[in-house]
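Right, one structure below, let's go through it.
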Amino acid sequence: MEEEETELRNPFPSPPSHYSNYTAHNLRLFELLRERVKDQNVDISNVNQHDILSDQTNVPSWPLTRLERPRRQQSLTRSPKVKETIPSLAELGGHQLYPADPSTGELEVQHHTTRALIIISLDRRPALLSILRSLLVTYSNLTGAILAPPPPPYSTVPPEWQRHVEWITVLAQNLMAVANDLRPVQARGNLESMMQRQLELRREETVSIHTFDTSLVIACRSF
């Protein structure tokens, strides 16, 4: 009963019950068993360890193969494949209305003996403003289509509001895709702001230390 209470009070799990089997003597017997079985070209799990280790003392009754280290899984040794680039909306099968990723456009410039690789910078703001204006106009047309009278009962023509909803879906997908593409830029900007703020704080601390040092020197000279 006291052992159970001690076990419950222990915040860390106890070691397994077979940890006491890993003694220097047992490990030496296991290595000797592996060497002798290796010479006989047989499976170590199918041999009689007492017969092979008959010249040794204190051979345990349990199989020495329990002392073998677990094998490392092959999946843990493989490095996971990470996508280096984010697929665009067009690559995912969507209707892309904005320019492609600026980092994919490169221009090679050669001047005399100097060669440089310049990344073409594409401004997406005109396309995004056009998408936003189209979204507002389409939403206005959608409200008008909803208030329009219903089509005849046996009409096969799709309603006008359905076309507006489909186009709004395409516009919204483009806005969300652009936002996802610009997340690395946003993260870089936030990191630069944080580092700039830390630099400003250190400069303020340095100025305050110098000010205190100057006032302390003046106070010491007055005595």
Side-chain angles (χ1 to χ4, degrees), residues 1-96 100-104 106 117 119 169 172-203 205-206 209:
M1 187 64 180
E2 294 179 357
E3 295 180 357
E4 293 180 358
E5 292 180 357
T6 305
E7 183 73 20
L8 294 176
R9 293 175 184 174
N10 188 6
F12 300 99
S14 301
S17 58
H18 60 275
Y19 79 98
S20 58
N21 297 336
Y22 289 86
T23 61
H25 176 71
N26 292 337
L27 293 175
R28 186 181 62 82
L29 291 177
F30 179 60
E31 291 297 331
L32 182 60
L33 178 63
R34 293 179 59 180
E35 293 178 0
R36 295 182 178 181
V37 169
K38 184 179 180 180
D39 296 337
Q40 298 179 5
N41 294 327
V42 293
D43 189 3
I44 190 174
S45 59
N46 297 329
V47 298
N48 190 345
Q49 63 184 19
H50 294 280
D51 295 340
I52 298 178
L53 302 176
S54 58
D55 57 338
Q56 303 296 322
T57 59
N58 298 328
V59 179
S61 57
W62 43 269
L64 290 171
T65 53
R66 296 179 182 177
L67 302 178
E68 188 173 3
R69 296 180 180 179
R71 298 179 180 178
R72 180 180 298 180
Q73 297 293 334
Q74 188 176 4
S75 58
L76 299 178
T77 59
R78 296 179 180 176
S79 57
K81 295 182 179 180
V82 180
K83 294 183 179 180
E84 298 181 357
T85 58
I86 301 176
S88 62
L89 182 61
E91 294 175 354
L92 296 176
H95 186 185
Q96 183 171 331
D101 189 0
S103 61
T104 59
E106 296 179 350
L117 192 64
I119 297 178
T169 302
Q173 289 177 352
N174 279 266
L175 291 177
M176 289 187 294
V178 172
N180 290 331
D181 291 343
L182 296 179
R183 287 186 186 276
V185 180
Q186 181 184 9
R188 190 182 304 111
N190 292 337
L191 181 59
E192 292 178 357
S193 301
M194 293 173 57
M195 296 177 66
Q196 185 68 26
R197 180 54 181 166
Q198 291 181 1
L199 183 60
E200 293 176 357
L201 290 176
R202 292 185 179 181
R203 288 176 178 175
E205 293 176 356
T206 304
I209 291 174

Atom pair CG (Leu199) and CG (Leu201), whose distance is rounded to the nearest 0.5 Å: 9.0 Å
Contact summary for Gln56 and Leu32, nearest pair of heavy atoms: NE2-CD2, 3.4 Å
Donor-acceptor pair, side chain of His95 and main chain of Gln173, under 3.5 angstrom: no
CG-CG distance between Leu175 and Asn180, expressed to the nearest 0.5 angstrom: 11.0 Å
Side chain to side chain contact (heavy atoms under 4.5 Å, CB included) evaluation trace for His25 with Arg28: CA-CA 5 Å; His25 176 71; Arg28 186 181 62 82; 3.5 Å; yes
Distance in Å, Thr65 OG1 paired with Arg34 CZ, rounded so as to fall on 0.5 Å steps: 11.0 Å
N/O donor-acceptor pair under 3.5 Å between Asn26 side chain and Tyr22 backbone: no
Salt bridge (Lys or Arg N to Asp or Glu O under 4.0 Å) between Arg197 and Glu200, intermediate numbers included: CA-CA 5 Å; Arg197 180 54 181 166; Glu200 293 176 357; 3.6 Å; yes
Heavy-atom closest contact (Leu53 atom, Val59 atom, distance): O-CG2, 3.7 Å
Check: Gln49 side chain, Trp62 main-chain N or O, donor-acceptor pair, under 3.5 Å: yes
Value rounded to 0.5 Å, distance of CD1 in Ile52 from CG in Leu29: 12.0 Å
Non-hydrogen atoms of Asp51 and Ser54 that approach each other most closely: O-OG, 3.4 Å
